[in-house]
2 protein chains.
Amino acid sequence: MAVSARRGRALSTEEIYLTALRLVDEGGVDGLSMRKLAAELDVNPMSLYHHVDSKTALISQLCAMAANRLELPPDDGTPWQDQLRALGHAERRLAKLHPALWSYISSHPESLHKESGVWQVLTRNLLAAGVPATELDATCEALFAFVSGFVTAENNQTIGFRAGTEDVDRTFEIAVDIILAGLSHRHSPAT
Amino acid sequence: MAVSARRGRALSTEEIYLTALRLVDEGGVDGLSMRKLAAELDVNPMSLYHHVDSKTALISQLCAMAANRLELPPDDGTPWQDQLRALGHAERRLAKLHPALWSYISSHPESLHKESGVWQVLTRNLLAAGVPATELDATCEALFAFVSGFVTAENNQTIGFRAGTEDVDRTFEIAVDIILAGLSHRHSPAT
DNA sequence: ACCTGAACACCGTTCAAGT
DNA sequence: ACCTGAACACCGTTCAAGT
């Protein structure tokens with residue numbers, strides 16, 4: 001059989017992804033190497049290429065996995081302000097769960113953004129906020145970028161470097177407040 | 001003399017920085033390698049280490065150079081809204097001038113942020129906007145992170161992927177409008 | 001079908017030796 | 001003082017060969 005050098009089990013794509021995700025969480029995207037990953041799985045480096053096209057493809061897959069863990073607010077009729085705030089918190093939570101991966105996502109367009117539910121939650125609630133159709137896409141993009149910028153900065157300690165996490169929590173609420181106030185003020189909300 | 005393999009001139013730190021910056025602008029931070037840089041300068045790779053501590057140190061220096069090119073709005077009494085908008089445009093301009101470097105700056109805290117004039121411009125104008133002292137630092141950090149997030153997203157084409165640059169210009173104005181409206185609405189401006 | 005070893009073309013950096 | 005060649009410990013990936 002072709003399972004030789006390994007302990008017993010054959011190599012599974014699932015196993016590769018999970019181990020890779022752990023390595024990225026521990027040592028950053030740069031810290032992941034195919035050779036280290038193979039060593040961790042007790043396998044020849046080249047065996048990985050039977051389950052994965054390239055390192056880039058592997059990381060893209062990790063991003064998709066992480067994006068699926070976003071806990072999006074349901075469409076249950078709660079005020080748009082609350083839903084948008086909840087979305088912000090969800091993004092921030094995810095970013096803290098997988099900081100290195102989040103940083104990668106933020107600077108690689110092909111990852112999260114495209115088909116994800118984030119877009120739907122934003123659209124739905126911005127409509128409720130009275131954002132005109134002509135500005136809808138632009139506002140979605142701006143808001144997503146804002147929150148991305150915030151949590152990225154927080155992860156890199158470019159934000160909140162003068163105090164502990166409580167202070168950053170407060171800063172995040174203020175940041176969300178500013179955005180929500182801005183949205184309310186520019187348009188007449190449909191509530 | 002110790003200038004041998006090179007054309008005529010000796011190697012200067014200035015020359016190294018400028019060539020490195022060009023390489024980064026052309027091929028990204030990952031695209032810069034000490035060996036390529038040396039080849040470009042027609043010099044042995046190891047000669048570089050006489051002028052520069054490490055690749056990391058070199059890149060930090062490049063970030064500082066780029067940050068100095070920020071065209072900050074002067075303190076001339078124009079309304080805080082206009083100054084903040086101008087600051088946003090300045091950041092966006094810089095990000096477009098050196099996209100790869102900007103992306104690096106955004107995810108490496110030790111680069112721009114610390115002593116830069118950005119901070120002063122923000123503080124001055126947020127005070128004028130009536131932001132209370134207790135929220136000043138938080139608001140500065142949030143605003144800087146917002147704009148960073150936006151221009152990073154734009155550089156990575158995570159934003160404005162459905163249209164040309166004109167549309168992104170408009171999206172940026174909308175984004176700034178939301179923030180300025182939010183600032184105006186949460187506090188009574190001192191104008 | 002799945003795994004592997006050797007090899008290729010790269011890295012950043014150290015160190016001892018040259019002028 | 002400044003430069004260099006050889007060497008070390010890494011990379012991602014291809015390719016032909018094994019079972």
Side-chain angles (χ1 to χ4, degrees), chain A residues 1-63 100-101 104 107-108 110-111, chain B residues 1-24 26-63 100-101 103-104 107-108 110-111:
Chain A
M1 30 28 208
V3 204
S4 45
R6 297 250 308 144
R7 300 156 301 190
R9 298 167 281 129
L11 199 51
S12 83
T13 351
E14 192 69 12
E15 200 183 358
I16 293 177
Y17 291 155
L18 289 176
T19 310
L21 184 54
R22 183 166 54 76
L23 287 184
V24 167
D25 284 342
E26 287 168 9
V29 173
D30 290 341
L32 175 71
S33 88
M34 299 302 270
R35 295 168 120 103
K36 270 193 216 160
L37 177 55
E40 198 80 10
L41 289 165
D42 204 7
V43 93
N44 185 288
M46 299 319 121
S47 304
L48 298 174
Y49 285 88
H50 247 267
H51 299 86
V52 155
D53 278 347
S54 67
K55 187 185 178 182
T56 310
L58 172 59
I59 293 172
S60 294
Q61 193 55 240
L62 297 187
C63 290
L101 208 51
Y104 183 89
S107 68
H108 290 75
E110 68 280 5
S111 309
Chain B
M1 33 27 210
V3 203
S4 43
R6 294 252 307 147
R7 299 156 300 187
R9 299 165 281 129
L11 199 51
S12 82
T13 351
E14 193 69 13
E15 201 183 355
I16 293 177
Y17 291 155
L18 289 176
T19 310
L21 184 55
R22 183 168 53 77
L23 287 184
V24 167
E26 287 168 9
V29 174
D30 290 341
L32 175 72
S33 88
M34 299 302 270
R35 295 168 120 104
K36 269 192 216 162
L37 176 55
E40 198 81 10
L41 289 165
D42 204 8
V43 93
N44 186 287
M46 301 316 123
S47 304
L48 299 174
Y49 285 89
H50 248 266
H51 300 87
V52 154
D53 280 347
S54 66
K55 186 184 179 183
T56 309
L58 172 58
I59 292 172
S60 295
Q61 194 54 239
L62 297 186
C63 291
L101 208 51
S103 166
Y104 184 88
S107 68
H108 291 75
E110 67 280 8
S111 307

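Within every chain, numbering begins at 1; the chains are lettered A, B, ... in the order of the sequence lines, protein sequences first and strands thereafter.
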Got a second to check how far [X]'s [atom1] is from [Y]'s [atom2], nearest 0.5 Å?
| X | Y | atom1 | atom2 | result |
| --- | --- | --- | --- | --- |
| Thr56(B) | Gln61(B) | OG1 | CD | 13.0 Å |
| Ser12(B) | Tyr17(B) | OG | OH | 10.0 Å |
| Leu18(A) | Leu62(A) | CG | CG | 9.0 Å |
| Thr19(B) | Leu48(B) | OG1 | CG | 9.5 Å |
| Glu15(B) | Glu40(B) | CD | CD | 11.0 Å |

Considering only side-chain heavy atoms of [X], which listed nucleotide, [options], is closest?
| X | options | value |
| --- | --- | --- |
| Lys55(A) | dG5(C), dA6(D), dG12(D) | dG12(D) |
| Tyr49(A) | dG12(C), dT4(D), dT13(D) | dT13(D) |
| His50(A) | dC2(C), dT4(C), dA6(D) | dC2(C) |

Legend entry - Sub-4.5 Å side-chain heavy-atom contact between Leu21(B) and Leu101(B):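 Yes, close enough: below the 4.5 Å cut-off.
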Legend entry - Min side-chain heavy-atom separation Leu32(A)-Leu58(A) under 4.5 Å: yes
Legend entry - Any His51(A) side-chain N or O less than 4.0 Å from OP1/OP2 of dC3(C):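 Result: yes.
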Legend entry - dC2(C) OP1/OP2 closer than 4.0 Å to side-chain N/O of Ser47(A):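 No, because none of the side-chain N or O atoms of Ser47(A) sits under 4.0 Å from OP1 or OP2 of dC2(C).
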Once you round it to whole Å, what is the distance between [atom2] of [N] and [atom1] of [X]?
| X | N | atom1 | atom2 | value |
| --- | --- | --- | --- | --- |
| Ile16(A) | dC2(C) | CD1 | P | 11 Å |
| Ile59(B) | dC11(C) | CD1 | P | 14 Å |
| Met46(B) | dG5(D) | CE | C1' | 9 Å |
| Asn44(A) | dA7(C) | CG | P | 14 Å |
| Asp53(A) | dG12(D) | CG | P | 16 Å |
| Leu23(B) | dG12(C) | CG | P | 12 Å |
| Leu48(B) | dC15(C) | CG | P | 18 Å |

Legend entry - Interface residues of residues 26-36 of chain B with DNA chain C (non-hydrogen, below 4.0 angstrom): Leu32(B), Ser33(B), Met34(B), Arg35(B), Lys36(B)
Inset, instruction - Determine which bases of DNA chain D form Watson-Crick or G-U wobble pairs with both distances under 3.5 Å, and write the result as a 5' to 3' dot-bracket string with | for other-strand partners. - result: ||.|||||...|||||.||
Legend entry - Contacts of type side chain to side chain contact (heavy atoms under 4.5 Å, CB included), residue His50(A), not counting sequence neighbours: none
Inset, instruction - Could you tell me which residues satisfy salt bridge (Lys or Arg N to Asp or Glu O under 4.0 Å) with Glu26(A), sequence neighbours excluded, listed by chain and number? - result: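 Here the qualifying residues are Arg22(A).
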